[in-house]
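One structure below.
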Amino acid sequence: STAAFLVTLTIAAMGLNVLVGYTGLVSFGHGAWFGIGAYAAALSQRHWFPDQILIPILFAMLFVAVAAAIVGVLMLRRKGVYFALMTLALAALTYTVSFRWTEVTGGEDGLGHLQRGTLGPLDLDDQSTYYAVVAVIGFLVLYGLHRVARSPFGHVLVAIRENEQRATFQGYPVDRYKLAAFVLSASVTALAGALTGFQHYIVSAESTSIIFSGELLAMVVIGGMRHILGPAIGVAFYVLFREMLSICTVHWLFRDLFAERPCRDLGAYAPSLAQGAVGSRGHEQAETVRQPRSSSVPPPRACRRHRFAG
């Protein structure tokens, strides 16, 4: 299951790389398309295509392509950091809707009881079989995106990335090319989201979170944005680094490095020191710690954050 998850993450990262690495459009909210694709596949299987897996996946890709085309027409009017911020807002909006719209998305509990079913003679409930199918899909996506990158369409995307104004002067419809890249990127990412949903038999709102979008972007940047195999390398490095570092420490996200430190005055630690003295050396040491300071010794300076208290 871990290997299948690595492949699906690689597919999502390759989809994002079409937008970031080849077109030069930075997206901070690509996890939204990942989650929308997962929800679209789950809902279509539940209501329209029971006991099917291929048709819900194709439906999810088509649905996300249409949605990305509509959203892209509006978002691609902005450039640079403004476009990036709009993608971030899209991810935040998607996460809020998927978390609060309980009647449709399941809310906090998610959409469960998905079925992999069969694909011809293949029983997809078997982990090895499902991994083999996902791996084949991953290779097909890799080959397809490689052909796209080597095609005239891919060369135009690179020209837009290097100098959009020059590409416009050469007569290329830059806006249409960027919209096509946006739709292609979202559709590939939606494919990865649908495969992940069927892998875990459940779709949750976490797949649309901003944190996951940042992880996808980090994988692309780590592996290399301007190479077709860069996302695969980035995914492998990021996941292995996370797993190995989480074994060594529970603080592998380094959240405590910037935590606010307590005041280091003796007065702030007097109760704890007294308690420690009672536990180790008896009540006599505790009384010594509790003794007030001599009048000849000046009181300690107040902590900076408590200086203006009261």
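Every ring pair (Phe, Tyr, Trp, His ring centres under 6.0 Å) that Phe153 has, sequence neighbours left out, goes to Tyr177. Applying the side chain to side chain contact (heavy atoms under 4.5 Å, CB included) rule to His227 yields the partners Leu229; only residues at least two apart in sequence or on another chain are considered. When the ring pair (Phe, Tyr, Trp, His ring centres under 6.0 Å) test is applied to Phe99, the partners found at least two apart in sequence or on another chain are Tyr95. Qualifying salt bridge (charged side-chain N to carboxylate O under 4.0 Å, His left out) partners for Glu103, counting only residues two or more places apart in sequence or in other chains: none. By the side chain to side chain contact (heavy atoms under 4.5 Å, CB included) test, Ala92 is found to be paired with Ile210, residues two or more places apart in sequence or in another chain being considered. Residues passing the ring pair (Phe, Tyr, Trp, His ring centres under 6.0 Å) test with Phe34, sequence neighbours excluded: Phe212. Every residue two or more places apart in sequence or in another chain that forms a ring pair (Phe, Tyr, Trp, His ring centres under 6.0 Å) with Trp48 is listed here: Phe59. Looking at residues two or more places apart in sequence or on another chain, you find a side chain to side chain contact (heavy atoms under 4.5 Å, CB included) between Val141 and Ile11, Met14, Ile137, Leu145, Val188, Leu191.
Annotation: Tyr201, atom OH; neighbour count of heavy atoms from other residues, nucleotides and ligands within 6.0 Å is above 12. When the shell of 6.0 Å around CZ of Phe83 is examined, it contains more than 12 heavy atoms from other residues, nucleotides or ligands. Within 6.0 Å of the OH atom in Tyr131, the count of heavy atoms belonging to other residues, nucleotides or ligands does not exceed 12.
Ala65 approaches Ser187 most closely through the heavy-atom pair CB-OG, 3.4 Å. Pairing each heavy atom of Ser207 with each of Ser204, the nearest pair is OG-O, 2.8 Å. The two residues Gly106 and Leu111 make their nearest non-hydrogen contact at N-CD2, 4.3 Å. For the pair Ala41 and Ala194, the tightest heavy-atom approach, listed with the atom from each and the gap, is CB-CB, 3.8 Å. The two residues Thr208 and Gly35 have their closest heavy-atom pair at CG2-CA, 3.3 Å. Between Ala12 and Leu216, the shortest heavy-atom distance links the atoms CB-CD2, 3.9 Å.
Checked by atom type, the side-chain pair Ser98/Thr105 shows no donor-acceptor distance below 3.5 Å.
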Side-chain donor-acceptor distances from residues 68-82 under 3.5 Å, at least two apart:
none

Which side-chain N or O atoms in residues 156-165 pair as donor and acceptor under 3.5 Å with protein atoms at least two apart or in another chain?
unit_1	atom_1	unit_2	atom_2	d
Arg161	NH1	Gly21	O	2.7
Asn163	OD1	Gln165	N	3.3
Asn163	OD1	Arg166	N	3.0
Glu164	OE2	Lys178	NZ	3.2

(Q) Evaluate Tyr22 against Ile228 for side chain to side chain contact (heavy atoms under 4.5 Å, CB included), listing each step before the verdict. (A) CA-CA 9 Å; Tyr22 287 95; Ile228 191 66; 3.9 Å; yes
Q: Evaluate the criterion side chain to side chain contact (heavy atoms under 4.5 Å, CB included) for residue pair Phe198 and Ile57; output intermediate values, then yes/no.
A: CA-CA 9 Å; Phe198 286 115; Ile57 291 176; 3.8 Å; yes
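Leu16 and Leu184 fall into different hydrophobic clusters, defined by Ile, Leu, Val, Met, Phe, Trp and Tyr side-chain heavy atoms under 4.5 Å apart, directly or through other members. Taken together through direct or relayed side-chain contacts under 4.5 Å among Ile, Leu, Val, Met, Phe, Trp and Tyr, Trp101 and Ile36 form parts of separate hydrophobic clusters. No continuous path of ILVMFWY side-chain contacts below 4.5 Å connects Val64 to Met61, so the two sit in separate hydrophobic clusters. Val235 and Val7 are assigned to two separate hydrophobic clusters, defined by single-linkage of ILVMFWY side chains at heavy-atom distances under 4.5 Å. One hydrophobic cluster, built from ILVMFWY side chains closer than 4.5 Å, holds both Val203 and Leu93.
For the pair Thr94 and Trp33, the minimum side-chain heavy-atom distance is 4.5 Å or more. Contact check for Gln199 versus Leu195: no side-chain heavy atoms found under the 4.5 Å cut-off. Side-chain contact between Tyr39 and Val104 is absent, with no heavy atoms from C-beta onward closer than 4.5 Å. Put simply, the side chain of His30 does not reach to within 4.5 Å of the side chain of Leu217, judged on heavy atoms. Contact check for Val134 versus Phe5: no side-chain heavy atoms found under the 4.5 Å cut-off. Using a 4.5 Å heavy-atom threshold, the side chains of Phe182 and Ser27 count as separate. Annotation: side chain of Val239 is in contact with side chain of Leu6 (closest heavy-atom distance under 4.5 Å). Ile53 has its side chain within reach of Tyr130: a pair of non-hydrogen atoms, C-beta onward, lies under 4.5 Å apart.
Side-chain heavy-atom separations under 4.5 angstrom define the hydrophobic clusters, and Phe169 shares its cluster with no other residue.
Put simply, CG on Leu142 and NE2 on His146 are 8.0 Å apart, with the number rounded to the nearest 0.5 Å. Rounded to the nearest 0.5 angstrom, Thr118 OG1 and Asp51 CG are separated by 8.5 Å. Taking CG of Leu88 as the reference point, atom CG of Leu90 lies at 9.5 Å (rounded to 0.5 Å).
Of the residues Asn17, Leu25, Thr23, Leu19, the one that meets the side-chain contact (heavy atoms from CB on, under 4.5 Å) test with Ser185 is Leu19.
Using modelled atom types, one side-chain atom of Gln45 and one backbone atom of Gln52 make a donor-acceptor pair closer than 3.5 Å. A donor-acceptor contact shorter than 3.5 Å links the side chain of Ser213 to the backbone of Ser209.
Among pairs with a residue in residues 105-132, none fulfils salt bridge (Lys or Arg N to Asp or Glu O under 4.0 Å), at least two apart in sequence or across chains.
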